[in-house]
Number of protein chains: 2
Amino acid sequence: MDALPPATTTRLSRDVIVDAYLRIADTEGTDDITLRRLGAELGVDPTAVYRHFRDKDEILAVASDRVLAEAAAELEPTGSWRQDLRALHLAVRRAYLSHPKAMLALQMHPASMPNAERLTDRVLGLLRQACLSDADAAVAYEAMENYTVGTTLFDAGATEESLEGWRRVYRSARADVLPHLVAAAPLLYRDPDAAFEYGLDLMLDGLERGAQRSEEERREEDR
Amino acid sequence: MDALPPATTTRLSRDVIVDAYLRIADTEGTDDITLRRLGAELGVDPTAVYRHFRDKDEILAVASDRVLAEAAAELEPTGSWRQDLRALHLAVRRAYLSHPKAMLALQMHPASMPNAERLTDRVLGLLRQACLSDADAAVAYEAMENYTVGTTLFDAGATEESLEGWRRVYRSARADVLPHLVAAAPLLYRDPDAAFEYGLDLMLDGLERGAQRSEEERREEDR
DNA sequence: ACCTGAACACCGTTCAAGT
DNA sequence: ACCTGAACACCGTTCAAGT
């Protein structure tokens, strides 16, 4: 047998670095982490990570793929494409809410990320189940993904103060020229999750309507 | 008559600064502009703008409001809430595509921006026209706004290379485990505008379905 | 083969000094 | 009252040097 390297010596590796990044994000409540902070957590020079990753974005992208694995693990197919699409996008939203910066890096830098790809494959499969053509499924995937990612990145950046700030600004607008705005002010930004689900259901309604039409056309042809 | 200051002496002002910012953005094709670049354009020390704005974000927010004014000017109400909502969000998307960084600043820092408020008021009015309750109109506004802003900010950051990068990554996935992904690869990200419109129409379909239901319920009560 | 550490090229922003 | 300019406190990243 060859002599193994001492097990206690935790040497740097991609996994160790990503672990540290996620650990800081979880304990510190933000995933906007500098390489200097990451180096301190690892007890290593801030620039040491460049031996294992091309740049900072690559660290974030790999971290986000691991977060998506946890999101995917919660999901159990029900057989209803509508329910499954809904649950999947809610899970993705939760992942993005906890690690927005990491997700943004993944989105912007194309790379083979196994868990992200598995989720994308599932969405495309569910859209096909909803009677969409291949071309429509691709476009619908883009629309739903952009909706989920975009909305959630904003919600992750918002604070209770900033939301209250908008309500205050709108409330003090001139009611004679902007009546709808002033009336809606107290109702706005009360529950970002509810707003997200409302929009998601709107899109699912639209898809269902399309699916029903396809169904009708098929019966039309049959008789 | 009082003596006027010499008209040729273009002194710094909020308008002059915002003008310069938009001029650089338009000629340079990006609105990610440093204060040093802005100072050079104005022929002034980079820090001089702090006499007129609290910070950089305030400059961007004011600039974005002016861009929204141009977007709003194109719009002519047709009487159909669906058509008007559609045209409005397409116009907002165009504004965000040309000045994404500025729009992000507006979104994140609550402030009274007249043109942004006018557009918000119009959206809320159109949603009420679609038979939505005040509470639903507020939530639907949030959903549509987040969809438009989020999607467009991503599209603004994407390049033909990054989109092609995603297609390549997906194409080279294992077809036996991710069949939908591999099949969809050549169809994806072909036309971001089309994907945006597809998702927007999906949401409008959902709203119309809700409007029809409200209509039916009213007739139900009548008899 | 892997990590260190000084250094670089940028940022936005502050503040005392000028006029 | 308004602008200057040096300086500060940060970034991500490079690269020659160490071991």
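Because the structure is predicted, anything quoted here is derived from the model rather than measured. Residue numbers start from 1 in every chain, and the chains themselves are labelled A, B, ... in the order their sequence lines are given, proteins ahead of strands.
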Using whole Å, what does the distance between atom [atom2] of nucleotide [N] and atom [atom1] of [X] come to?
{"X": "A/Leu42", "N": "C/dC2", "atom1": "CG", "atom2": "C1'", "value": "14 Å"}
{"X": "A/Lys101", "N": "D/dG12", "atom1": "NZ", "atom2": "P", "value": "11 Å"}
{"X": "B/Ile33", "N": "C/dG12", "atom1": "CD1", "atom2": "C1'", "value": "15 Å"}
{"X": "B/Arg37", "N": "C/dA9", "atom1": "CZ", "atom2": "P", "value": "21 Å"}
{"X": "B/Asp57", "N": "C/dG12", "atom1": "CG", "atom2": "C1'", "value": "10 Å"}
{"X": "A/Leu35", "N": "C/dA9", "atom1": "CG", "atom2": "P", "value": "19 Å"}
{"X": "B/Arg11", "N": "D/dC2", "atom1": "CZ", "atom2": "P", "value": "6 Å"}
{"X": "B/Leu38", "N": "D/dC3", "atom1": "CG", "atom2": "C1'", "value": "15 Å"}

Query raised in the report: Side chains of B/Val44 and B/Leu38: does their closest heavy-atom pair fall under 4.5 Å?
Result: no

Report task. Could you give me the CA-CA distance, side-chain angles and deciding distance for A/His109 and A/Asp57, then say whether side-chain hydrogen bond (donor to acceptor under 3.5 Å, both in side chains) is met? Result -> CA-CA 8 Å; A/His109 296 268; A/Asp57 275 346; 2.8 Å; yes

N/O to N/O distances under 3.5 Å, protein versus nucleotides 4-6 of chain D:
{"residue": "D/dT4", "atom": "OP2", "partner": "B/Asp45", "partner atom": "N", "Å": "2.6"}
{"residue": "D/dG5", "atom": "N7", "partner": "B/Asp45", "partner atom": "OD1", "Å": "3.0"}
{"residue": "D/dG5", "atom": "N7", "partner": "B/Asp45", "partner atom": "OD2", "Å": "3.2"}
{"residue": "D/dG5", "atom": "O6", "partner": "B/Thr47", "partner atom": "OG1", "Å": "2.8"}

Requested in this report: Would you mind checking if B/Glu160 and B/Arg167 are paired as a salt bridge, meaning a charged N to carboxylate O distance below 4.0 Å?
Outcome: yes

Query raised in the report: When you check the gap from the basic side-chain N to the acidic O, do B/Asp19 and B/Arg66 get nearer than 4.0 Å?
Result: yes

Query - Stepwise side-chain hydrogen bond (donor to acceptor under 3.5 Å, both in side chains) test for A/Tyr141 and A/Thr120 - result: CA-CA 8 Å; A/Tyr141 162 76; A/Thr120 300; 3.2 Å; yes

Query raised in the report: Does OP1 or OP2 of D/dC3 have a side-chain N or O of B/His52 closer than 4.0 Å?
Result: yes

Report task. Please determine, for the side chain of B/Tyr50, which listed nucleotide (D/dC11, C/dT13, D/dT14) has the closest atom? Result -> C/dT13

Requested in this report: Take A/Asp193 and A/Arg93 through the salt bridge (Lys or Arg N to Asp or Glu O under 4.0 Å) test and state the conclusion after the steps.
Outcome: CA-CA 9 Å; A/Asp193 287 325; A/Arg93 174 175 164 87; 2.8 Å; yes

Query - No-hydrogen, no-angle side-chain donor-acceptor test under 3.5 Å, A/Asp32 and A/Thr30 - result: no

Report summary line: Read 5' to 3' with Watson-Crick or G-U pairs under 3.5 Å, [ ] for crossing pairs and | for partners on another strand, DNA chain D gives ||.|||||...|||||.||

